[in-house]
K.L.:
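Just dropping this structure here.
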Amino acid sequence: MSAFINKKTKLLVQGITGRGGSFHAEQMKAYGTNVVAGVTPGKGGSKVAGIPVFNSMEDAVAKTKANTSVIYVPPVFAIDAIYEAVDAGIKLVICITEGLPANDMMKVYPYVKNHGARLIGPNCPGLISPGESKVGIMPASIVKKGNIGVVSRSGTLTYEAIWALTEAGMGQTTCVGIGGDQVIGTNFIDCLEAFEKDRSTKGIVMIGEIGGTDEEDAAKYIKKYVTKPVVGFIAGQAAPPGKRMGHAGAIISGGSGLAIDKIAALNKVGVPVALSPIEIPGLMKELLSGDKKSVIKNNLKKSISKRVAAGKTSPVKSKKTTAVRSGLKKAAKATSKTRIVKK
Amino acid sequence: MKIHEYQAKEVFAEAGIRVPKGEMVTTPNRAEELAREYNAPVMVKAQVHVGGRGKAGGVKYAETPEAARVLATQILGMDIKGLEVKRILVTVAEDIITESYLGIILDRVSKRPVIMVSPAGGVDIEEVAAKTPEKIFKLAVDPQLGLRSYQARNLAYKLYRDPLQVRKATDIILKLYDVFWKVDASLVEINPLITNTSGDVIAIDGKINIDDNALYRQKNIEQMRDIDSEEPSEVEAREGDLSFVKLDGNIGCIVNGAGLAMATMDLVKRYGGEPANFLDIGGSSNPQKVVTAMRIILSDPKVESILINIFGGITRCDDVANGIVEAFKQLDLKVPVVVRLTGTNEEKARQILKKVKLPYGDTLDDVVKKAIELAETTS
């Protein structure tokens, strides 16, 4: 068992003839994913790593009965690729491509939903159900079949967490990277719901980062609906406020979106938060063996944010002038938002 | 990306939103000349990417052309929150009766553009939001349907009673919504939107932030970028397609992925070091990016060691390794470098890196600790 993808997944690769597309199509196939076809307009009839290529999604779906697609096309074409997949009847679309305009995504999101489809990403590493199927770019060498579900807003940080779990002998049911953009197709709550339902998943690892309120919302959901143990991790605990740290979503400004608030929200609902990815398996083991309360208590003692709050250590100091400059520059979206909604 | 007030007003004017007559100038001479030309009192406004310009003394009223020259002299070169004023806007001063707020932002929770209006506009809008949130009215627009006239009108009624002003404001709200989409904005804002003694509704200050991901199709906006107002190393990073933020520490960090880069910084801090920067080389693996990244980090004299942490997925470790080797050839590396490459093509990378014999970290915690140790030996 697993979430979202499994042995029945029949995958189409959009942009299969490109550098990333061909490389990862081959990797996915090698992992055992049922890659049934690829699509690149103008390259129909050719083959990539033995996988037939079609000119359009419509043709590819008609010929192969694929149910899932993964997108590697360049950003300029990626929005169109999502629409094309949904219109061809694909019910699960995973967009690896990064750099999609957020305003376009605001239109894509309801379109996908209204067609009864699910989008994961964009700007995400995809997902993997060890031993069953891999869709995206996660390195297969780090996963292991087991009973932990992993969901993350980050890409490479997810690998770090998975690797830590695998090293500690804790395998995974499914690992999902949902992406860190402003507008994403699948959020923490969707994945928590899927993991809660999936009977083979016994514990959940949730990896968040600064910016937005997704982690807080997830905490509320966990309190209400999640019975399985959850371990958290929040990246950006030491990030200076008001900076955009790469992801469009990873912006903190004002009093919202800070790591400290997210950690507090998670702790409050019984989710311990690891300080290093390496600590995740240990916390999970403790939770699985029972004593939730003492895990949280110990975790709080160690929490860096606690120490920041107590003044024992300070968040990273940035160069004075640049702090103001780039703070304002980088935090464009968030500052502007908090101008109004700041509490 | 941010653009200046005068540029935002150009965009508004083009869309048919009324703004006061004005022009960007860089000299007191030209400021005086313009004031004379307008034959009216003017506002002299510093053009910097920072809020609270007025409170910092960067926005002044000039009764006469002579006064405009004096104020322009004062404001040009002024330091506002670390930014030097190099451009000023000289614009006709309006007689203000009411000040309202009008803004549209992308709301990540509802995944919709949210229009916000408040009859209590002006400099203290943040305080209004904090203390009297009931004075702020919001509408999340269905992006597929677009903004309907009645919706804009209902918002306009929150601002004005006079039917003519309601009609004018409705028109402005509809036009601003179009601007939001047309320029791929993540924020458009008019604050304040004023009424004057003649009953006109005018945008006397404006702000537009553009989604960086959409700049490829916003050539006109891209040209408005004010390079002068940016940190040089961050400009170089952007041109090299890297995501970079300069910080104040001694450990240079090169990481792939924003989340991992932040987690790496967190650990540097945790083990007693100070990160010198945030740097994400992104998803694609072009060896040249590593060279650029190294050069940018080395330009900071405070850096005492560099840690490279790559967890390969779409990024291939061998590409990064080639970049590192190339950097060693091209750059004069005086600070120690510690590397951890794991994931896609890790073995190939290790082979390539044998050429440069670097200390290797096996885990994230390990590489961070080594970088801190090495920095201590350098200093």
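In what follows, every heavy atom counts, from backbone to side chain, and hydrogens, waters and symmetry copies are set aside. Here the structure is a predicted model, which means the values were calculated and not measured. Naming: A, B, ... by sequence-line order, numbering from 1 per chain.
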K.L.:
Quick check: closest heavy atoms across A:Ser154 and B:Gly259, and the distance to 0.1 Å?
P.N.:
OG-CA, 3.5 Å
K.L.:
Does A:Asp214 form a salt bridge (Lys or Arg N to Asp or Glu O under 4.0 Å) with B:Lys111? I'd like the steps, not just the answer.
P.N.:
CA-CA 12 Å; A:Asp214 290 4; B:Lys111 299 178 168 66; over 6 Å; no
K.L.:
To check you understand the geometry: which heavy-atom pair defines the closest contact between A:Ala235 and B:Ala263, and what is its length?
P.N.:
CB-N, 4.1 Å
K.L.:
At what distance, to the nearest 0.5 angstrom, does OG1 of B:Thr363 lie from CD of A:Glu167?
P.N.:
9.5 Å
K.L.:
Working to the nearest 0.5 Å, report the span between NZ of B:Lys269 and CD of A:Gln237.
P.N.:
12.0 Å
K.L.:
Output the option from B:Pro133, B:Pro113, B:Gly103, B:Ser118 having the highest count of non-hydrogen pairs under 4.5 Å with chain A.
P.N.:
B:Pro113
K.L.:
Looking only at heavy atoms, which two atoms of B:Met265 and A:Ala239 are closest? And how far apart?
P.N.:
CE-CA, 4.5 Å
K.L.:
If I compare all heavy atoms of A:Asn114 with all of B:Gln144, which pair ends up nearest, and what's the gap?
P.N.:
ND2-OE1, 3.6 Å
K.L.:
Side chain, backbone, both or neither: which part of A:Tyr111 has a heavy atom under 4.5 Å from chain B?
P.N.:
both
K.L.:
If you apply the rule side-chain contact (heavy atoms from CB on, under 4.5 Å), what do you find for A:Glu279 with B:Asp365, and how did you get there?
P.N.:
CA-CA 11 Å; A:Glu279 293 171 2; B:Asp365 293 58; over 6 Å; no
K.L.:
Between the main-chain N or O of A:Gly236 and the side-chain N or O of B:Asp266, is there a donor-acceptor pair closer than 3.5 Å?
P.N.:
yes
K.L.:
Please lay out, stage by stage, how B:Leu260 and A:Tyr159 fare under the test side-chain contact (heavy atoms from CB on, under 4.5 Å).
P.N.:
CA-CA 9 Å; B:Leu260 187 57; A:Tyr159 310 161; over 6 Å; no
K.L.:
Are A:Lys107 and B:Asp142 close enough for a salt bridge, meaning some N to O gap below 4.0 Å?
P.N.:
no
K.L.:
To the nearest 0.5 Å, tell me how far B:Asp107 CG sits from A:Met106 CE.
P.N.:
9.5 Å
K.L.:
Please identify which of these residues, B:Asn309, B:Thr264, B:Thr342, meets the side-chain contact (heavy atoms from CB on, under 4.5 Å) condition with A:Glu160.
P.N.:
B:Asn309
K.L.:
Any donor and acceptor pair, going by atom type alone, linking the side chain of A:Asn103 with main-chain N or O of B:Trp181 inside 3.5 Å?
P.N.:
no
K.L.:
Can you tell if the side chain of A:Ile142 reaches within under 4.5 Å of the side chain of B:Phe311, non-hydrogen atoms only?
P.N.:
yes
K.L.:
By a 4.5 Å heavy-atom criterion (distance strictly below it), what part of B:Ala185 contacts chain A: side chain, backbone, both, or neither?
P.N.:
backbone
K.L.:
In Å, rounded to the nearest 0.5 Å, how long is the span from CD1 of B:Ile310 to OG1 of A:Thr156?
P.N.:
8.5 Å
K.L.:
Distance under 6.0 Å and angle within 45° of the ring axis: does B:Arg112 meet both against A:Tyr109?
P.N.:
no
K.L.:
Heavy-atom pairs under 4.5 Å with chain A - which of B:Leu364, B:Asp184, B:Leu267 has more of them than the others?
P.N.:
B:Leu364
K.L.:
How about CD on A:Glu26, more than 12 heavy atoms from neighbouring residues, nucleotides or ligands closer than 6.0 Å, or not?
P.N.:
no
K.L.:
Hey, does the side chain of B:Asp211 reach the backbone of A:Pro101 with a donor-acceptor pair shorter than 3.5 angstrom?
P.N.:
no
K.L.:
Between chain B and each of A:Asp217, A:Ile207, A:Asp104, count heavy-atom pairs under 4.5 Å; write down the option with the most.
P.N.:
A:Asp104
